[in-house]
Amino acid sequence: MQLSLFHTDSNQEQLREIDVEQLFEAYLSCRKTKRYTQNALKFEVDYEANLFQLKDEIENGSYSPGRSIAFIVNKPVKREIFAADFRDRVVHHWLINKLNPLFEKVFIKDSYACRVGKGTHYGVKRADSFIKACSENYTKDSYILKLDILGFFMHINRNLLLTMLEKFIHQYYTQPDKALLLEITQKIIFNQPTQNCIIKGNKKDWDGLPKNKSLFHSPPDCGLPIGNLTSQVFANFYMHQFDAFATKELGLKYYGRYVDDFVIVHPDKDYLKSLIPQLSNFLLSALQLTLHPKKIYLQHYNKGVKFLGTVIKPNRIYIANRTKGNFYNAIEKQNKIIQDHKPTKEDKAAFLSSMNSYLGIMKHYKSYNLRKRMIFKRLSGYWFNHVYLSGGIAKFVLKVRPVKKNQRNANSKQAPAQIILP
């Protein structure tokens, strides 16, 4: 069931027109990470005409999201992704660019996902600082409660989300295109990417994926597709009520959340136990979400806690075993490539992207010996004919082949270009 939520302010003129410069900004922002995909290249051939056409469709009400590409990724965990068409991604960026500054005014400091200056590393550091502060630098007992939500993205209620967004936009958004903004928001939220989607790969790729992690099996009017910028930001907004409940109504001082993974630190273990049913009841009654019954962790800080791909222990933070395993598998994949053939330019670019992604994560934590062992004992030495390490095992850099002497001399002896005078 889809709700009709569009009201206009009687004292404000409503415009069905968008700023073309804002649409161009959204396009450039979207292009940064998707420029060389097939859809992006097709759009870029005549991007000005495509953007003006998109502008006209939004303004006259004919815009509707296109087909998505559905596929499965297995790292860091197995999950289902829906990739929106490039032109739809431009609309997503346009919408989020307008809403994000308003969200930032109300979000708590300790929600870390999809926010500038936040992210996983920031979340890990904050959780570590919670433990230090609560235990008074590890001199007193403190306990960590870590919880997450069962099938989070697939159980977000779209009607409830739209109701919350409509209320928020009416309260905080003051531009005259408010009704148009709400219209696009509704179209994005109620788009059904599972209908007429393009399956990339094989349907057997879905084998082993729990139904509560697939949009194909979501309850009616529930679920946001993982892979869209709007889904990530709207999910964060959806959980804002929970953040407010935890920090304001319950008064939790040491609370932090990344998407649906959250930690609470407190000196009283029994108090943390008593929080579980309160948090569970709020999630169910206010957001129609359920705590994951098999992912409730409550331990003394000395035991350590897994959070956002790390293991946080007193005075040290390690990389979690799953990340180590994925790094090992990535190395084995690169070894196979260089054993099969001389690496191409594309192979080298893929090597740098993959290896530096892991090194970029690991260098933030206590992992020097791990990086040294994995690279010098696991990685094929043939790769060092093409790359070298920089910054103390922090980054791979491509070797630049020097120009041969004979070739350099030949280039210098080339005759100057002939100039033909009129």
> Strictly by modelled atom types, are W206 and E80 linked by a side-chain donor-acceptor pair under 3.5 Å?
Replying inline: yes
> Shortest non-hydrogen contact from D128 to K313?
Replying inline: OD1-O, 4.4 Å
> Taking side chain as C-beta onward, heavy atoms only, is V20 less than 4.5 Å from L51?
Replying inline: no
>> Looking at K336 and E332, is there a salt bridge between them, counting it only when a charged N and a carboxylate O are closer than 4.0 Å?
In response: no
> Would you say the side-chain atoms of N236 and R257 include a donor-acceptor pair closer than 3.5 Å?
Replying inline: yes
> Any idea which heavy atoms bring T290 and I149 closest together, and the distance?
Replying inline: O-CG2, 3.4 Å
>> In terms of relative ring orientation, are H266 and Y271 parallel, tilted or perpendicular, with 30° and 60° separating the classes?
In response: tilted
> In terms of the angle between their ring planes, are F237 and H240 parallel, tilted or perpendicular, with boundaries placed at 30° and 60°?
Replying inline: parallel
> For residues D347 and H341, is any side-chain donor paired with an opposing acceptor at under 3.5 Å?
Replying inline: yes
> Taking C-beta and beyond as the side chain, do M374 and I331 meet within less than 4.5 Å on heavy atoms?
Replying inline: yes
> For S62 and N60, does a side-chain donor sit closer than 3.5 Å to a side-chain acceptor?
Replying inline: yes
> Can you find a pair of side-chain heavy atoms, one from L147 and one from Y297, that are under 4.5 Å apart?
Replying inline: no
> Within a strict 4.5 Å, meaning less than it, do heavy atoms of the K324 and L370 side chains meet?
Replying inline: yes
>> With rounding to the nearest 0.5 angstrom, report the CG to NE2 distance, L165 to H170.
In response: 11.0 Å
> Can you name the nearest heavy-atom pair linking N97 to A26, along with the distance?
Replying inline: ND2-CA, 4.0 Å
> Counting N and O atoms only, with roles assigned by atom type, does the side chain of K178 sit under 3.5 Å from a partner on the main chain of Y173, one being a donor and the other an acceptor?
Replying inline: yes
> Which is it for F82 and F216 under the ring pair (Phe, Tyr, Trp, His ring centres under 6.0 Å) test, yes or no, and what are the steps along the way?
Replying inline: CA-CA 11 Å; F82 281 87; F216 291 102; 5.6 Å; yes
>> Centroid separation under 6.0 Å, is that true for the rings of F107 and F103?
In response: yes
>> If I compare all heavy atoms of M154 with all of I226, which pair ends up nearest, and what's the gap?
In response: CE-CD1, 3.9 Å
> Counting only N and O atoms by type, is there a donor-acceptor contact under 3.5 Å from the side chain of S353 to the main-chain atoms of A350?
Replying inline: no
>> Does any part of the side chain of T310, heavy atoms only, come nearer than 4.5 Å to the side chain of T120, both counted from C-beta?
In response: no
>> I'd like to check Q288 versus I156 (side-chain heavy atoms, cut-off strictly below 4.5 Å). Are they in contact?
In response: no
> Do Y27 and H93 have side-chain atoms, one donor and one acceptor, less than 3.5 Å apart?
Replying inline: no
> Would you say the side-chain atoms of N356 pair up with the backbone N or O of F351, donor to acceptor, closer than 3.5 Å?
Replying inline: no
> For D243 and Y255, what are the C-alpha separation, side-chain angles and deciding distance, and is it a side chain to side chain donor-acceptor pair (under 3.5 Å)?
Replying inline: CA-CA 9 Å; D243 296 337; Y255 164 90; 2.6 Å; yes
> Which is it for I144 and Y254 under the side-chain contact (heavy atoms from CB on, under 4.5 Å) test, yes or no, and what are the steps along the way?
Replying inline: CA-CA 10 Å; I144 304 161; Y254 302 116; over 6 Å; no
> Can R89 and D85 be counted as an ion pair, charged N to O under 4.0 angstrom?
Replying inline: no
> Taking all non-hydrogen atoms of both residues, which atom of L287 and which atom of Y238 are closest, and how far apart?
Replying inline: O-OH, 2.7 Å
> Strictly by modelled atom types, are D88 and Y63 linked by a side-chain donor-acceptor pair under 3.5 Å?
Replying inline: yes
> Quick one: are T323 and F327 in side-chain contact, heavy atoms under 4.5 Å?
Replying inline: no
> Counting heavy atoms not belonging to K395, are there more than 12 under 6.0 Å from its NZ?
Replying inline: no
> If you measure only the distance, is there a donor-acceptor pair under 3.5 Å linking the side chains of D110 and Y112?
Replying inline: yes
> How about Y172 and F168: are their ring centroids closer than 6.0 Å?
Replying inline: yes
> Hey, does the side chain of E136 reach the backbone of K132 with a donor-acceptor pair shorter than 3.5 angstrom?
Replying inline: no
> If every non-hydrogen atom of L161 is compared with every non-hydrogen atom of F234, which pair is closest and at what distance?
Replying inline: CD1-O, 3.9 Å
> Taking the side chain as C-beta and beyond, is there a heavy-atom pair between F153 and Q232 under 4.5 Å?
Replying inline: yes
> Got a salt bridge between K118 and E104, using NZ or NE/NH1/NH2 to carboxylate O under 4.0 Å?
Replying inline: no
>> Tell me if the aromatic rings of Y365 and Y318 count as close, with their centers under 6.0 Å from one another.
In response: no
